[in-house]
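Whatever order the structure lists ligands and atoms in, that order sets their numbers, starting from 1. The first residue in the sequence is number 1, and the count goes up from there.
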Amino acid sequence: MNSIYPAIEMKDIVIEFPGVLANDHVNLTLQEGEIHALLGENGAGKSTLMNSLAGLYKPVFGTILVRGELVNFNSPRDAIAKGIGMVHQHFMLVPTQTVTENILLGLDEPRYVMSLKKFDKKILDLQEKYGLYVEPTTKIWQLSVGEQQRVEILKTLYRGANILIMDEPTAVLSPREIGELMETMRSMTEEGKSIIFITHKLGEVVDIADRVTVLRKGVVTAEGESMKGVTKKDLAQRMVGREVVFTVERSSHELGEVVVELENVSAINNRGLPALKDVSLSVRSGEILGLAGVGGNGQSELAEVITGLRQCTGYIAIQGEEISNFPPIKAIKQGVSHIPEDRTAVGTAPRLSLTDNTIMKGYRDKPIGDGWRINFQVAEDHTSVLKDQFNILAPSIHTPAGKLSGGNLQKLILAREINSEPKFLVAMQPTRGLDVGAIEDIRALLLEQRKNGAAILLISEELDEVLSLSDRIAVISEGKIMGIVDSENVDIDQIGMMMAGMEQERE
Ligand SMILES: Nc1ncnc2c1ncn2[C@@H]1O[C@H](COP(=O)(O)OP(=O)(O)O)[C@@H](O)[C@H]1O
Ligand SMILES: [Mg+2]
């Protein structure tokens with residue numbers, strides 16, 4: 001495997017989509033045996049570049065060399081033949097088949113002469129070598145996301161890949177699984193394999209990469225820089241092209257009247273178990289109440305009862321008007337806006353255009369709806385304005401929402417929800433999975449709403465986010481509010497204790 005040439009040289013790569021120059025004369029060199037991070041915001045062009053290296057897209061310009069040899073891939077098969085394997089962001093496994101079947105799927109060897117035992121042995125060897133444990137006879141649908149990823153990695157290794165491209169592999173993993181994946185990556189490079197590791201998380205680049213290439217809007221802003229002495233801040237700057245403020249400026253101002261009130265609200269979850277227990281809280285105009293807590297402690301159910309998506313006992317009112325156990329339209333009419341946890345399944349209709357998604361909620365009202373029909377011209381003009389105002393990067397207002405990157409999709413949801421001038425905004429994990437630039441934009445938008453007098457319930461597992469944005473912080477554990485503290489002189493240890501289920505000490 002040792003050659004005087006780099007494993008991969010991509011030179012001057014240009015890839016276009018209608019209305020988007022996804023890769024604008026991009027260079028990337030992967031040395032043998034290194035972990036090379038490919039860093040960039042959502043939509044920067046990382047997946048596109050790597051799809052061309054994996055034989056899925058053809059650049060309109062530029063060259064690719066594999067160990068010094070000029071190649072011209074027409075399909076993933078050609079790339080695999082050169083030892084290049086890609087683990088995609090969205091897995092490509094057959095849910096009803098077993099791990100082994102999926103790993104062998106699509107291989108040339110005819111099934112009838114194949115001894116499953118023998119192949120299992122090769123799989124077991126790979127598992128052993130790289131710590132990629134997953135029971136070979138299990139069906140894919142029975143596996144966790146982390147295990148499914150291991151199957152994808154095994155699949156590429158089985159095909160003899162010695163150059164691995166991993167497209168945002170950590171996005172779907174728990175912190176423990178991320179640690180395990182990093183171990184696997186290290187053992188792969190020790191074996192002489194080379195890895196391109198795509199991410200938009202700065203910390204991960206610092207932790208594991210030997211070198212980094214940064215893309216911004218299709219252009220390289222750091223080309224194969226050594227990671228020695230490079231800080232997160234340096235990386236962030238190259239990624240978004242400006243000094244990133246990691247701490248937000250939260251102006252102090254007078255709070256208004258109480259907008260939202262919850263009294264003794266209880267609810268059960270989908271499995272029939274108690275999810276919320278006697279929750280009482282209120283949020284005032286111009287206030288952000290942050291709800292901190294470990295995920296799965298009743299946060300989703302709380303957002304659902306407020307927005308009318310789940311039944312509850314107790315009392316919920318917006319400006320004195322009860323909304324509990326009414327259909328969601330009642331909450332909308334009362335000025336409740338919702339940034340849901342699941343952007344794709346709940347927040348948007350992926351097949352519909354930007355315009356359709358924007359008017360989804362307001363189509364009944366003037367000027368878009370005029371009693372019996374929708375005025376599409378008004379709807380489109382309105383969407384164009386929002387697209388500019390919220391800096392939503394998309395080819396056009398006719399683009400299906402499903403084609404947007406995570407950050408742009410979230411901006412689209414915010415545009416729709418904020419545009420209705422909500423009295424009360426429920427924001428659930430509003431920045432999860434987004435890159436630094438988009439996180440900054442979204443946080444700024446929330447603070448702007450606060451300034452405009454909206455009451456905001458910010459539900460987030462990111463403690464930093466809760467601490468920096470909130471006026472007051474409520475901590476939830478097992479469906480109960482353990483305490484509510486002022487963010488001015490907050491004691492992190494105390495918050496930690498409450499998150500762990502200990503009630504706030506009374507002074
Ligand atoms: N199949 C496609 N059709 C049209 N536009 C696309 C397609 N794939 C990606 N794009 C656009 O190309 C740009 C780069 O996307 P992508 O490579 O997925 O970015 P990243 O992986 O860095 O998030 C984005 O503006 C995206 O909307
Ligand atoms: Mg991508």
Subset of ligand 1 atoms that lie under 4.0 Å from at least one heavy atom of A22: 12 (O)
Polar atom proximity, S405 to ligand 1 (N or O, under 3.5 Å): no
Donor-acceptor pair between T213 and E223 side chains, under 3.5 angstrom: no
Charged N-O contact under 4.0 Å between D167 and K46: no
Q389, CD atom: more than 12 neighbouring heavy atoms under 6.0 Å: yes
Aromatic centroids of Y57 and F17 separated by under 6.0 Å: yes
Any non-hydrogen protein atom less than 4.0 Å away from atom 6 (C) of ligand 1: yes
Residues that H398 engages under ring pair (Phe, Tyr, Trp, His ring centres under 6.0 Å), provided they are two or more places apart: none
Atom 19 (O) of ligand 1 - nearest protein heavy atom and its distance: G45 N, 3.2 Å
Salt-bridge criterion met for R186 and E190 (N-O under 4.0 Å): no
Identity and separation of the nearest protein heavy atom to atom 27 (O) of ligand 1: K403 O, 3.9 Å
Contact check: S405 to the Mg ion (ligand 2), N/O/S below 2.8 Å: no
Check: V20 N/O within less than 3.5 Å of ligand 1 N/O: no
Qualifying side chain to side chain donor-acceptor pair (under 3.5 Å) pairs, either residue in residues 81-92, two or more places apart: S47-Q89, E69-K82
Any N or O of S47 closer than 3.5 Å to N or O of ligand 1: yes
Per-atom contacts, ligand 1 versus A44 - under 4.0 Å to a heavy atom: 19 (O), 20 (P), 22 (O)
Proximity flag G43 to ligand 1, non-hydrogen atoms under 4.0 Å: yes
Ligand 1 N/O within reach of T48 N/O, cut-off under 3.5 Å: yes
Lys/Arg-Asp/Glu bridge criterion (N-O < 4.0 Å) met for R211, E225: no
Taking atom 12 (O) of ligand 1 as the reference point, the nearest protein heavy atom with its distance: F17 CD1, 3.5 Å
